[in-house]
Protein chains: 2
Amino acid sequence: MATSDPVYLRVVEDIRRQIHDGTLPPGALIPSRAQLTRKYQVGETAARHALRVLASEGLIIGRIGSGHYVRERSELTPLHRWRFLDRPTPFAADLQSQGWRVTWDWHSEPAEAGPDLARRLRVDESTTVTRTHYVFRGDGRPLQLATAYEPLEFAPHSEEERRSLVARMYAHGVKITEVVESIHTRAPRPSESEALDLPVGVHVLHVERTHWAGDRPVETSDIILPGDRFRMVYSMPV
Amino acid sequence: MATSDPVYLRVVEDIRRQIHDGTLPPGALIPSRAQLTRKYQVGETAARHALRVLASEGLIIGRIGSGHYVRERSELTPLHRWRFLDRPTPFAADLQSQGWRVTWDWHSEPAEAGPDLARRLRVDESTTVTRTHYVFRGDGRPLQLATAYEPLEFAPHSEEERRSLVARMYAHGVKITEVVESIHTRAPRPSESEALDLPVGVHVLHVERTHWAGDRPVETSDIILPGDRFRMVYSMPV
DNA sequence: ATCGCAAAGTTGGGGCTCCAGCAGTCATCG
DNA sequence: CGATGACTGCTGGAGCCCCAACTTTGCGAT
């Protein structure tokens, strides 16, 4: 706050202000390193660092060979959780109901539970579960990663069975009574960054979802969403 | 993925791996810039950049004069939304029920709604609303920021009234029937970063919460939580 | 044994430079 | 007239350096 703040902060704050008040609208070209050094009378290091900070905040994006641009608002598509939708994740179903063309690839494999899953599914660490990886795309672009874990006996045997977890469980005599979702945010792992084609500086929303039948967890999954594209919407009756 | 990846990435990935597999446990000292240049045979710039990337991911934290350390797991305190708690936000109430000593400061002021709030409260842009800023602290440290907006007629007149929004609304003949929360993640604004004492690289969870009485919004608030300390937990009956 | 202080080590800000790779632009050549 | 290629400007990686502010450590004196 003092007058002797780092000089790169002066640049960061001035550009950030211009973005927020609309002087630099989405898509606008930010002055280049060389221009910033002249404009703010700072060294190249400071100009460069300022651009990196703004990029890591997700406000601007650097296009190599071209320049830094103000990020498009990307509009934070809402994902509504007020109805119970599956097929095969409720998020994909909600996007479809909003008119998105959602497609997905998946593959299943057996896996050992391990400590984390053992806790979440309340099974033994050495138990074998079915792990299914999904990659969801909307209009070609990757939208969401999901990894679902189920005890072997509940694994789907057909494409149709995969559509609705609730129906499948019901067929096994298990009635799902509750869904618990735990959301946090973190920097993407390198593999997620690549799979979701994330610009640097974008964090992910990590949703840990568990389906319960009474006091027994019957399926759990990790869902990874780009933090700059989605908001999770929860509706609760009082 | 090729062998000619940036060299700083080699350093980042190696340290990240060591943190994930436990070779470098929480609190462990990361080699210094000088040591990294020797160990990985890279220049100082690359070593420095690697440390900055790890810090911006929230994996390590730099202590000036001392060194970089693996961040303590900070345990992502869960905030449960399965019961309707207020007084004055449900998150604070949930933390109290987990044994935290939560205190808060607040101040109210009239404010013009403006376009964003006009949309959220379904009022005219020039309507005056009561804006209340809260700063919540747990064990001394800042935990959460909240800003609540209410039409003037619903504003609380006593400390007691402030405790329960539901009861207060009921006293006005308004029965709250639904709570809608919309969660996204973003980089903190400078003021939030300062107020919450956030390390660089930590994003925030921004919860937009609106209370509805039938099809009419009667209160809305913005809640800002450090992304590295909390996870939101939603429980929904099927 | 303890206190104080100086030296060494470390981070973070800042400066300068070189280079590879990419994207436009513009002029020249077929 | 159209296509090719040279040139310029930009980003991102990388190297090296200096300095201020701070911590840790270890030594020497009391």
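Residue numbers begin at 1 in each chain, while the letters A, B, ... track the order of the sequences.
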Checklist entry - Should the pair B/Y134 and B/W106 be assigned to parallel (<30°), tilted (30 to 60°) or perpendicular (>60°) ring geometry? => result tilted
Next on the checklist: Please verify the inter-ring angle class for A/H49 with A/Y8; under 30° counts as parallel, over 60° as perpendicular, anything in between as tilted.
Outcome noted: tilted
Sub-3.5 Å donor-acceptor pair from the side chain of [X] to the main-chain atoms of [Y], do we have one?
X      : Y      : result
B/R120 : B/S221 : yes
B/E194 : B/S191 : no
B/T185 : B/V204 : yes
A/R71  : A/D228 : no

Checklist entry - 5' to 3' on DNA chain D, which nucleotides open and close the contacts with chain A (atom under 4.0 Å from a heavy atom)? => result D/dG9 to D/dA14
Item to check | Stepwise side chain to side chain contact (heavy atoms under 4.5 Å, CB included) test for A/L51 and A/R33 | outcome: CA-CA 8 Å; A/L51 289 173; A/R33 272 184 349 210; 3.9 Å; yes
Checklist outcome for this item: The bend of the helix from C/dA1-D/dT30 to C/dG30-D/dC1, taken between the axes of its five terminal pairs at each end and rounded to 10°, is 20°
Next on the checklist: Evaluate B/Y234 against B/E181 for side chain to side chain contact (heavy atoms under 4.5 Å, CB included), listing each step before the verdict.
Outcome noted: CA-CA 10 Å; B/Y234 289 88; B/E181 293 186 355; 2.4 Å; yes
Next on the checklist: Each nucleotide in nucleotides 7-17 of chain C should get exactly one letter: B, S or -. Can you fill that in based on protein heavy atoms under 4.0 Å?
Outcome noted: --BBBBBBBBB
Checklist entry - Tell me, do B/R209 and B/I223 make a side-chain contact under 4.5 Å, heavy atoms counted? => result yes
Item to check | Atom CZ of A/R17: over 12 foreign heavy atoms under 6.0 Å | outcome: yes
